[in-house]
S.K.: 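Here it is: the structure, laid out below.
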Amino acid sequence: MSATASPVPPEYAVAPAPGLLATDLGLLVLRVVIGVIMAAHGAQKLFGWFHGNGLSATARYFTAQGYPAGKTMAVIAGLSEALGGLGLILGLLTPLAAAAVIGVMINAMATKHGFFAPRGYEYELALLAAAVALALTGPGRLALDQALPILRIRRLVYGIAAIVLAVVVAAVVLAVRN
């Protein structure tokens with residue numbers, strides 16, 4: 001092997017991208033759209049904004065769905081949606097933001113009546129899948145997480161940990177539901 005030859009075969013070599021990649025822009029669009037949807041849903045629950053029901057009506061809904069302490073659950077769901085959504089928009093602590101969305105969507109799916117049925121869960125499943133994808137891929141380079149080297153280095157590990165956290169917490173919440 002010559003002194004100038006690369007130890008990596010050319011078919012495996014990947015040149016570093018000097019500027020933004022389509023992936024970064026695609027992840028930004030995905031983060032912002034999912035984040036806005038979730039933050040708005042959280043604001044509906046907490047404050048009644050965007051034609052939402054507000055905290056009292058949301059608490060009654062949670063109680064009717066068998067959740068104990070309806071108001072507490074409504075606050076937790078509203079904060080999870082609002083803060084998770086804002087985290088996704090900013091690309092800040094993306095694995096935790098995605099976990100918040102995943103946990104809420106698992107619980108939302110549990111209150112539905114099947115796939116494509118009246119009141120089906122396909123919308124919630126799409127949001128859950130997007131949040132899982134963001135947890136695993138990270139937010140892209142147009143994100144505040146870029147200032148947190150630990151999240152860049154161990155992106156997959158933290159993504160998987162966030163997903164596991166979301167599933168465990170959602171399962172606990174569902175276990176206490178009547």
S.K.: Closest heavy-atom contact between Gly103 and Ala166?
M.R.: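 Between these two residues, the closest heavy atoms are N-CB, 3.9 Å.
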S.K.: Between the side chains of Tyr67 and Asn107, does any donor sit under 3.5 Å from an acceptor?
M.R.: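 Side chains of Tyr67 and Asn107: pair found under 3.5 Å.
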S.K.: If you look at every heavy atom in Ala98 and Ala131, which pair is closest and at what distance?
M.R.: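 So the minimum-distance heavy-atom pair works out to CB-O, 3.3 Å.
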S.K.: Please tell me if the side chains of Met109 and Leu128 come closer than 4.5 Å, counting only heavy atoms from C-beta onward.
M.R.: yes
S.K.: When you group the ILVMFWY residues by side-chain heavy-atom contacts below 4.5 Å and let the links chain together, are Val176 and Val169 in the same group?
M.R.: no
S.K.: Look only at the side chain of Arg155 and the backbone of Leu136, and say whether a donor-acceptor pair between them is shorter than 3.5 Å.
M.R.: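 Answer holds: no.
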S.K.: Rounded to the nearest 0.5 Å, what separation is found between the CG atom of Leu46 and the CG atom of Asn53?
M.R.: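 If we round to the nearest 0.5 Å, Leu46:CG and Asn53:CG are 12.0 Å apart.
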S.K.: Do Arg31 and Leu90 have side chains that get closer than 4.5 Å, going by heavy atoms?
M.R.: no
S.K.: Once you round to the nearest 0.5 Å, how far does CG of Leu21 lie from CG of Leu27?
M.R.: 10.0 Å
S.K.: Roughly how far, to the nearest 0.5 Å, is CD of Gln146 from OG1 of Thr94?
M.R.: 9.0 Å
S.K.: What's the shortest heavy-atom distance between Gly84 and Ala97, and which atoms?
M.R.: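 Minimum heavy-atom separation between Gly84 and Ala97: O-CB, 3.4 Å.
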S.K.: Search all heavy atoms of Thr111 against all heavy atoms of Arg119 and return the closest pair with its distance.
M.R.: O-NH2, 3.0 Å
S.K.: For Leu142, does its backbone N or O pair with a side-chain atom of Asp24 as donor and acceptor, under 3.5 Å?
M.R.: no
S.K.: Above 12 or not: heavy atoms from other molecules or residues under 6.0 Å from CZ of Arg154?
M.R.: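 Open.
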S.K.: Are Val33 and Val104 in one and the same hydrophobic cluster, where Ile, Leu, Val, Met, Phe, Trp and Tyr link if side-chain heavy atoms are under 4.5 Å apart?
M.R.: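 They do share one cluster, since a chain of ILVMFWY contacts under 4.5 Å joins Val33 to Val104.
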S.K.: Tell me, do Leu96 and Leu165 make a side-chain contact under 4.5 Å, heavy atoms counted?
M.R.: yes
S.K.: Write down the atom of Arg177, the atom of Pro68, and the distance for their closest heavy-atom approach.
M.R.: CA-CD, 4.3 Å
S.K.: Determine whether Trp49 and Leu79 fall in the same hydrophobic cluster, where Ile, Leu, Val, Met, Phe, Trp and Tyr are linked whenever their side-chain heavy atoms lie under 4.5 Å apart.
M.R.: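 As far as the 4.5 Å side-chain criterion goes, Leu79 and Trp49 are connected within one cluster.
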S.K.: Taking it one step at a time, do Met105 and Leu125 satisfy side chain to side chain contact (heavy atoms under 4.5 Å, CB included)?
M.R.: CA-CA 7 Å; Met105 290 303 104; Leu125 181 60; over 6 Å; no
S.K.: In the single-linkage hydrophobic clustering (I, L, V, M, F, W, Y; side-chain heavy atoms under 4.5 Å), do Tyr123 and Leu134 co-cluster?
M.R.: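 Yes; Leu134 is reachable from Tyr123 via cluster members.
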S.K.: Is Ile150 close to Tyr158 at the side-chain level, that is, under 4.5 Å between some pair of heavy atoms?
M.R.: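 Tyr158 reaches Ile150 side chain to side chain.
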S.K.: For Lys112, what residues pass the side chain to side chain donor-acceptor pair (under 3.5 Å) criterion, not counting sequence neighbours?
M.R.: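 Expected list: Glu124.
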S.K.: What's the separation between atom OG1 in Thr23 and atom CG in Leu28, rounded to the nearest 0.5 Å?
M.R.: 12.5 Å
S.K.: Shared ILVMFWY cluster between Leu93 and Val157, side chains joined below 4.5 angstrom?
M.R.: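 In one cluster with Leu93: Val157, no.
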S.K.: Measuring from atom CD of Glu81 to atom CG of Leu127, what distance do you get when rounded to the nearest 0.5 angstrom?
M.R.: 9.5 Å
S.K.: Looking at Phe50 and Ala40, what are the two nearest heavy atoms and their distance?
M.R.: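 Looking at all heavy atoms of both residues, the closest pair is CD1-O, 3.9 Å.
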S.K.: Give, for atom OG1 of Thr72 and atom CZ of Phe62, the distance between the pair rounded to the nearest 0.5 Å.
M.R.: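 If we round to the nearest 0.5 Å, Thr72:OG1 and Phe62:CZ are 11.0 Å apart.
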